[in-house]
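Below is one structure; the comments refer to it alone.
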Amino acid sequence: MTDFFLILVGTALVNNFVLVQFLGLCPFMGVSSKLESAMGMSLATTFVLTLSSVASHLVYHLLLAPLGLEYLRTIAFILVIAVVVQFTELVVRKTSPLLHQVLGIFLPLITTNCAVLGVALLTLNRSSDFLEAALYGFGAAVGFSLVLVLFAALRERLATADVPTPFRGAAIAMVTASLMSLAFMGFSGLVRL
Amino acid sequence: MTTPSLGEVSRHGLWSNNPALVQLLGLCPLLAVSSSVVNALGLALATLLVLLGSNVAVSLIRHQVTGTLRLPAFVMIIAAFVTCAELLMAAYTFELYRILGIFIPLIVTNCAILGRAEAFASRQPLLPSATDGLMTGLGFGAVLVLLGGLRELFGQGTLFVGMDLLLGPAAAGWGITVFPDLDFLFLVLPPGAFFATGLLIALKNVIDDRLERRRLERQPDRPREHRRVRVTGTIR
Amino acid sequence: MAERFDFPGGITPPTRKARSTRAPLRTAPLPRRVILPLDQHAGAPAEPCVELGQRVRTGERIARASGLISAALHASITGRVAAIEEHALPAGDGRRGPCIVIEGEGEDDWLTLPSLDWRQAPQATLLERLDAAGVVGLGGAAFPTQVKARIRELHAIDTLVVNAAECEPYISADDLTLRHFAADVLEGARLMARLAGAERILVGIEDDKPEALQALQAAREASLAEAMPVEIRPIATRYPSGGERQLIKRLLGREVPSGGLPADVGTHCHNPGTLRAALAAVRDGVPLVERVVTLTGEALARPGNVVARLGTPIGELLHFAGLDPRALHRLVMGGPMMGEALGELASPVVKATNCLIAATRQELPDPPPEQPCIRCGACEEVCPASLLPQQLYWFARGREHDKAERFHLFDCIECGACSYVCPSHIPLEQYYRAAKQAIRAQRREAARADHARHRFEFRQARLAREQAEKEARRAARKRAAAPAARRPAGGDTQGTAPAADLRGLRIAHSAATAAERKAEKALARAAESGEADPASLDDLETQLATARENRQAAEARLQAARDAEEKPA
Amino acid sequence: MSAALPRAMGRAALGLATFALITAGSVALTRALTAERIADNRQASRHREVAAVAPAGHDGRLLDHVVSRPAAPAFGFESPVSLWQARDGERVLGGVVPVTAPGGYSGDIALVVGLDATGTITGVRVTEHRETPGLGDRIEARKGDWIEQFTGHSLANPPAGGWAVRQDGGGVDALTGATITSRAVIAALHRTLQWVEARPALFATADTGETP
Amino acid sequence: MLETLLDADLVVAVLALVGLAGGFGALLGFAGERFRVEGNPVVENIDALLPQTQCGQCGYPGCRPYAEAIGEGEEINKCPPGGEATIAALADLLGREVKPLDGEAEAMPRVAFIREAECIGCTKCIQACPVDAILGAARHMHTVIADECTGCDLCLEPCPVDCIDMLPRDAGREAIPLPAGPGHRPVLPTPAWGAALIASDRPSAPEEARHG
Amino acid sequence: MSLMHADQTAPRRPASTAGVMRWLLLATLPGIAALTWHFGWGVLTNLGFAAVAGIGLEAAMLRLRGRPVSATLADNSALVTAVLLGVALPPGSAWWLILIGMVAAIVVAKHLYGGLGHNLFNPAMVGYALLLVSFPGPMSLWPGPDGLLGPEARPLGETLRQFAGLTSLETLDALSGATPLDAFKHKPEALMAGEFWAGTPLPEGALTAWRQVALAWLAGGALLLYKRVIGWQIPVAMLGTLSLVATLLYAGNPSHQGSPLFHLLGGAAIFGAFFIATDPVSAATSRRGKLLYGAGIGALVMAIRAAGAYPDAVAFAVLLMNFAAPFIDYYSEPRVFGHPAATRGIRADAGEEER
Ligand SMILES: Cc1cc2nc3c(=O)[nH]c(=O)nc-3n(C[C@H](O)[C@H](O)[C@H](O)COP(=O)(O)O)c2cc1C
Ligand SMILES: Cc1cc2nc3c(=O)[nH]c(=O)nc-3n(C[C@H](O)[C@H](O)[C@H](O)COP(=O)(O)O)c2cc1C
Ligand SMILES: Cc1cc2nc3c(=O)[nH]c(=O)nc-3n(C[C@H](O)[C@H](O)[C@H](O)COP(=O)(O)O)c2cc1C
Ligand SMILES: Cc1cc2nc3c(=O)[nH]c(=O)nc-3n(C[C@H](O)[C@H](O)[C@H](O)CO)c2cc1C
Ligand code: SF4
Ligand code: SF4
Ligand code: SF4
Ligand code: SF4
Ligand code: FES
């Protein structure tokens with residue numbers, strides 16, 4: 001139990017994907033100017049990240065590893081991810097137009113979120129079992145969602161700030177991310193993974 | 001979509017639509033691997049190759065693949081290129097391969113690559129696509145190396161240390177120590193990566209602003225073109 | 001004194017009322033000329049019903065109400081209509097508006113209405129009288145009293161609240177009204193209570209007005225025989241306990257719902273001045289042509305309260321009170337919290353003018369420059385609506401209107417308590433006022449755009465129908481021309497396509513019919529509820545017309561297809 | 001509809017399979033062509049690391065002499081140890097032990113420790129770590145000479161209690177600002193030396209233990 | 001070369017991935033067919049944000065076609081009647097950058113007004129008006145229903161006798177300006193009493209005080 | 001519009017932003033005095049140079065941004081930032097350290113965002129955290145409590161040399177260079193809390209000195225509360241949560257954890273609760289939000305103190321909660337008058353999936 005908790009805290013905060021590990025930065029910068037969108041994106045990412053982390057785990061341990069094809073893992077994983085995303089989108093669009101309204105534009109973006117592939121590859125490195133893989137994916141997603149949503153709220157406040165012209169927009173967002181990452185340094189050493 | 005001229009494609013890739021500074025794509029490798037010039041240069045080269053290859057390949061098959069299969073097909077092409085690049089690096093620049101580590105497979109999801117494939121190569125013929133790949137890759141690489149230099153110089157006080165990993169023993173002596181006792185961890189650590197990128201973006205804004213102002217001085221006002229469609233018939 | 005209920009927030013600025021309460025109530029001299037704006041009440045402006053040069057008597061109607069919410073206007077002196085023209089209004093932004101100007105004859109020749117016994121007269125007569133006398137609320141919003149009194153038709157009222165709080169600094173008009181006419185005010189309250197169907201009267205009065213309180217109590221004692229119970233409840237002085245929502249909360253513990261009216265919680269709230277005016281209109285047949293105005297401020301030598309005719313130029317009134325123009329720095333109509341700073345002395349006293357402050361520079365200095373908000377939260381602590389003024393400020397400044405609305409901008413009563421305490425001297429309520437106005441404009445534009453879209457769709461549908469009908473006619477003609485034509489060979493393979501087509505058209509037709517029915521129902525529902533404004537009814541009509549056109553087009557197409565299909569017998 | 005579904009599925013399956021064929025084929029081909037070279041690289045790199053710490057005078061065939069030793073959890077070896085013997089002909093000069101130092105600042109630190117037959121350290125190198133750049137990463141030989149200071153020391157030198165950072169009362173200067181990393185490395189070295197002492201026959205003869 | 005190609009490893013690799021891809025492809029094909037939806041809700045949302053002036057200044061015949069074009073990647077800054085507000089709303093909806101308007105913003109909302117004395121009743125303007133805001137029959141004078149007119153000025157050009165004017169629409173109550181912000185004093189009316197007594201350092205034009 | 005203003009009638013609350021800042025500065029005096037008394041001239045060199053750098057940088061930035069310089073400087077906020085950073089740094093820090101910190105605080109954290117009122121993060125703490133991360137060595141070297149005038153006091157001259165960067169505390173005894181939290185954190189793994197205290201590797205009187213300093217800050221905090229410069233919500237929530245967590249930890253494992261009192265008085269908790277966490281600009285703004293915000297800081301401080309790499313964590317905890325503040329603000333609107341229940345958040349329907 002505590003192990004699971006530690007994995008969650010470790011992946012979500014201490015080794016936060018976005019601010020510490022540098023994964024998933026593009027959607028982090030791109031989909032954070034509005035809180036609403038950020039929430040949609042977090043929801044979508046959490047779902048896809050957990051699912052594809054599990055699926056990749058299965059593909060690796062049931063197909064690639066037994067056949068000695070570890071070197072094909074990148075291709076196989078990215079295939080899994082693309083299909084998971086595409087499939088999710090199709091299903092959501094049909095079954096819940098409302099959810100699609102929220103998640104619609106974000107789902108395709110997730111394919112190119114390197115956090116998704118990153119979590120698949122990192123899970124491998126840690127050679128964890130199935131449950132851990134799922135947890136790892138989920139923890140990473142929670143960490144991603146957390147900072148994305150908080151960052152979006154910050155950026156909304158930023159929109160009314162009197163920022164010097166050259167720094168308006170992406171530049172000040174980067175500086176803000178920098179300060180956030182500085183704050184996250186405080187977590188360092190909290191959980192050793 | 002009309003085919004833009006090669007010059008325009010180049011200008012877009014290198015400056016006005018630079019993937020790293022304007023589109024904010026490919027940020028993960030940009031920030032993660034820019035702590036020194038060598039790492040940056042290594043990843044820049046790998047990315048450039050993959051970008052070029054994938055743009056060419058996607059452009060070639062652009063009429064064959066459509067619909068739901070497009071995304072999986074594109075990423076598989078990219079993944080194939082990346083894996084090949086990874087294998088080749090392992091075979092020929094082993095040390096660098098070890099340093100870049102997880103970020104080589106992650107080139108697959110470097111959003112800039114899929115972004116270019118989707119936005120450009122899948123709609124344009126071979127030559128512009130290849131140029132776009134090359135120029136975007138160069139633009140991305142330039143920012144990467146610049147950032148690497150900035151962080152290495154002000155974070156550790158050195159420049160070009162360890163170039164031999166990439167360029168062979170001949171480059172072993174290139175490393176220079178500019179500020180001997182400098183150890184400004186902030187720039188070496190993640191926060192510094194974000195901050196330096198922010199500074200570069202601001203710098204680009206300043207330069208753009210200057211250029212724009214100069215351009216305006218030269219030709220003060222552009223006549224407003226009037227294009228208007230009459231609405232008298234039915235739509236749809 | 002322990003109060004059972006209270007509203008959140010509030011401030012206690014210095015009251016500065018003593019200056020104007022020392023002197024007894026006086027009557028201002030009859031003005032030689034009055035300027036009567038047509039738009040001095042809430043709702044639509046009145047319409048003039050006099051001609052240029054016509055002689056009018058004091059109390060004669062010169063403009064009539066022009067809509068559901070509007071009020072009549074009466075001549076406040078005897079004389080001739082000298083002009084109907086644009087004139088400076090008593091407003092901070094220097095607005096001008098249409099006014100009737102009456103040149104006086106020097107004498108006061110009254111034209112009053114027959115007096116009524118409010119205990120006997122039927123409700124409808126009383127309401128008519130209030131309407132005819134142009135009585136509006138004198139507590140601030142100048143809302144037509146007659147309209148407000150009709151509340152009974154929609155809500156059950158149990159308590160009539162007399163709002164004698166007079167919470168703003170400087171103002172003492174209600175204080176003096178109560179000191180001199182407490183009995184009238186209570187009788188007026190009984191009148192209004194009867195109209196509203198209330199069972200009791202509750203007077204809320206701040207405890208800084210002991211004389212008024214005494215007068216009220218005496219009047220209450222004197223009328224104990226009346227059936228309607230009257231309760232007088234002094235409350236601790238705190239701004240803005242005179243806001244009706246705040247007062248009702250404080251007296252009764254009831255919270256007027258957001259966007260609702262006091263009537264939603266069974267109350268009805270009136271200012272003492274209004275009650276007196278209502279009584280005068282009914283009992284004496286005197287229309288609303290004069291009111292009590294507080295004249296105060298350090299720049300006046302003889303401050304006090306006066307009974308002034310409406311339309312009296314403000315400058316004249318101030319000179320009567322001994323204005324020292326050199327000392328005058330700021331002229332304010334209303335209180336210093338919610339009132340408006342005026343730019344000139346020529347504008348007239350209107351129905352809503354309860355107070356005129358001629359302040360010196362030391363008294364009401366220029367507001368200091370605004371500084372950045374540091375989110376200290378002082379404003380939040382005093383907001384009587386429990387809003388987050390600091391958040392609203394940032395949203396208003398950033399023009400983030402949907403967020404401002406999400407944070408309940410429209411629950412702000414613009415009391416200015418937040419500005420009063422803000423250490424950064426931000427004129428917060430001005431931001432809110434601007435944002436509210438912008439949002440209203442935006443809503444109007446959005447409604448316009450929607451309507452334009454519907455009109456456009458209607459046109460498209462109309463064109464489509466015309467086209468389809470033309471085609472149907474052509475098909476019919478064709479069939480008539482060649483009735484016996486044989487079907488071409490291989491008709492089977494071709495036959496499937498039109499059949500599928502026909503099915504599609506039939507589906508489209510029934511869909512169009514259903515849409516039409518739906519539009520009809522929507523329109524009927526809106527028309528029935530009686531709450532929709534004309535514009536939205538119009539819009540619904542357009543939508544119905546569009547649906548109709550669509551249905552007709554589908555019919556025509558179906559007909560054309562059938563004609564083409566029709567097998568020769 | 002009923003016919004369209006299998007058709008669409010078939011078409012999509014075929015399309016994606018074609019792509020898989022092309023992409024996987026080219027990757028597999030590249031891999032087939034480079035596999036040998038990569039393996040060589042790996043071997044060479046390992047050799048370089050091992051050679052850097054091995055006792056001097058060996059015959060250059062370090063990686064050929066792998067010997068296995070059973071796990072010794074008390075000394076930090078959780079699983080059987082495969083170490084490389086440095087030989088000169090039949091004479092065993094010493095060996096190189098791969099050691100994992102747990103409790104680094106962020107994760108385990110992998111080291112190779114070279115020892116001569118007397119149990120004296122002939123060199124230490126960090127092979128893998130995730131310590132902070134600029135702080136903990138100065139344990140790399142490339143970035144500082146901190147790691148060199150252990151060469152020539154043994155269990156008895158410094159004397160008892162010396163194998164600890166100065167802050168804990170030991171005799172080793174920690175890297176400034178990276179005491180945790182330093183502590184982890186020193187503790188691992190100390191344990192390895194104790195292990196070597198507890199197994200005096202470790203490097204004694206060429207054929208002790210099972211050679212794989 | 002052929003040897004390499006027929007290498008068992010290689011064949012296994014390719015087959016495995018082809019199988020995987022085939023399976024996934026079928027899955028996608030299934031989903032694509034099974035969960036097909038028509039229409040695009042995004043276009044509806046975009047259309048709702050456009051001003052519905054139907055003027056065609058965006059280069060599309062009406063707002064809806066422009067909405068569809070935006071849905072397919074067209075720039076969002078081409079609608080002059082919408083102005084900055086519409087661009088901002090679109091950017092918000094689509095998560096794109098706000099760009100300056102391509103063209104000139106409308107200064108203020110306007111309505112068409114037909115000088116009825118000059119109208120010859122040619123009905124050309126009726127045909128041009130996208131919202132049926134013009135009333136009239138052939139050879140009778142026409143008039144504009146001001147409440148319905150969107151101010152698109154499409155009726156201007158077809159008119160053979162140039163009898164149509166665009167007049168400013170009264171925008172209801174004047175907008176209340178936001179205060180000037182930090183560093184500025186709130187604007188109060190300039191006192192206009194006893195002009196001789198007022199120090200001359202105030203801005204003398206009352207207009208300024210009113211609007212500034 | 002409101003033509004009356006509270007400053008005409010000032011009750012207890014300071015009536016202008018400059019006044020607010022002035023009271024804050026006044027309230028730091030007891031703390032500064034106590035620090036100086038125990039830790040010597042270094043406190044004053046820190047403060048002096050930080051103030052000079054702060055005002056200089058603020059003026060430079062204002063001029064660069066084309067804003068009125070002297071009028072804005074008069075709001076005293078740059079001075080507040082300088083003083084707060086100055087007292088947080090180890091006494092007698094080298095000038096370059098202070099300068100880098102002030103640049104981070106005033107230029108990066110404040111003016112890149114638009115100056116007073118616009119910054120998202122607490123400027124002083126940005127400066128402090130940046131220094132802590134970049135220069136862990138110099139930042140963890142506190143001098144021993146040698147006093148200002150006593151026989152062991154560090155002479156002014158030596159402090160000045162240290163300030164000029166000519167000597168460093170590193171050359172002195174390592175153990176004197178530690179705050180109690182620092183020393184406790186870095187005690188060798190095996191040492192139990194009891195043994196640590198028994199052996200007291202801290203110089204005599206260090207704990208007392210720290211306790212007295214904390215109490216002096218408390219006195220300043222009381223003044224701020226009395227003058228209504230700060231609300232009670234943040235300090236109470238923060239110290240309450242901190243004590244609660246510390247008590248739980250201590251009850252669970254008294255042999256390895258510091259006591260609650262140690263956590264309250266041994267570090268920057270009191271100072272942080274009254275002077276740092278209360279920075280209104282970067283904190284949550286609603287009353288309800290402030291409670292959450294303060295509690296978050298308290299919990300984070302304890303989490304990092306108990307398990308993280310840093311001995312004290314007020315700066316990081318404050319920055320982390322600054323990060324969360326706008327989000328908290330969206331979700332902490334009170335029940336508005338006339339509404340049946342509070343409706344919070346930007347979108348009621350999408351608001352739930354967060355965690
Ligand atoms: C049926 C009815 C409708 C009313 N509608 C409004 C209205 O639309 N706007 C308004 O300001 N007051 C309206 N009132 C009057 C308010 O209750 C209130 O007395 C008036 O706004 C003056 O309030 P104030 O001075 O606090 O602003 C209405 C009253 C009644 C009985
Ligand atoms: C902040 C605020 C303060 C008010 N103060 C008073 C007041 O002191 N006395 C008063 O009669 N009305 C005051 N009003 C107006 C009342 O809300 C309400 O409109 C009035 O009592 C209705 O009575 P009437 O229709 O007779 O004017 C105030 C309104 C607001 C928003
Ligand atoms: C960003 C950051 C990274 C750090 N990385 C390491 C590290 O890799 N190794 C290490 O031993 N200490 C690291 N530390 C420092 C520890 O937190 C702790 O301060 C140090 O180990 C003890 O300091 P000392 O050597 O000055 O006593 C790091 C500190 C920071 C701020
Ligand atoms: C109660 C209070 C606490 C403050 N705390 C800080 C602080 O911790 N750090 C800081 O840089 N400024 C602080 N300030 C000053 C000011 O708010 C700060 O400079 C702004 O954040 C700059 O925009 C404080 C001000 C007040 C009134
Ligand atoms: S009182 Fe003024 S400075 Fe304080 S939060 Fe409110 S608006 Fe901002
Ligand atoms: S003006 Fe509005 S926000 Fe300000 S205190 Fe009054 S009700 Fe609250
Ligand atoms: S320019 Fe704007 S208003 Fe005109 S048709 Fe295009 S979208 Fe509609
Ligand atoms: S009347 Fe003229 S300007 Fe008005 S909507 Fe019709 S075409 Fe446009
Ligand atoms: S490179 Fe774009 S998300 Fe990582």
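Because the structure is a prediction, the values reported are computed rather than measured. In what follows, chains are A, B, ... by sequence order, proteins preceding strands, each numbered from 1.
Residue-environment remark: CZ (A:Phe138) stays at or below the threshold of 12 foreign heavy atoms within 6.0 Å. Counting heavy atoms of neighbouring residues, nucleotides and ligands inside a 6.0 Å radius, atom OH of A:Tyr71 exceeds 12 of them.
Summarising the geometry, atom CG belonging to E:Leu27 is positioned 4.5 Å from atom CZ belonging to A:Phe87; distances are rounded to the nearest 0.5 Å. Atoms CG and CG, on A:Leu64 and E:Leu20 in that order, are 7.5 Å from each other to the nearest 0.5 Å. Rounded to the nearest 0.5 angstrom, A:Leu69 CG and E:Leu17 CG are separated by 8.5 Å.
Listed by chain and number, the residues in a side chain to side chain donor-acceptor pair (under 3.5 Å) with E:Arg115 are E:Glu118, E:Asp165 (sequence neighbours excluded). Every residue two or more places apart in sequence or in another chain that forms a side chain to side chain donor-acceptor pair (under 3.5 Å) with A:Thr176 is listed here: F:Tyr113.
Heavy atoms only, all atoms of each residue included: A:Leu63 and E:Ala16 are closest at CD2-O, 4.3 Å.
Only the side chain of A:Val59 comes within contact range of chain E, with heavy atoms under 4.5 Å apart.
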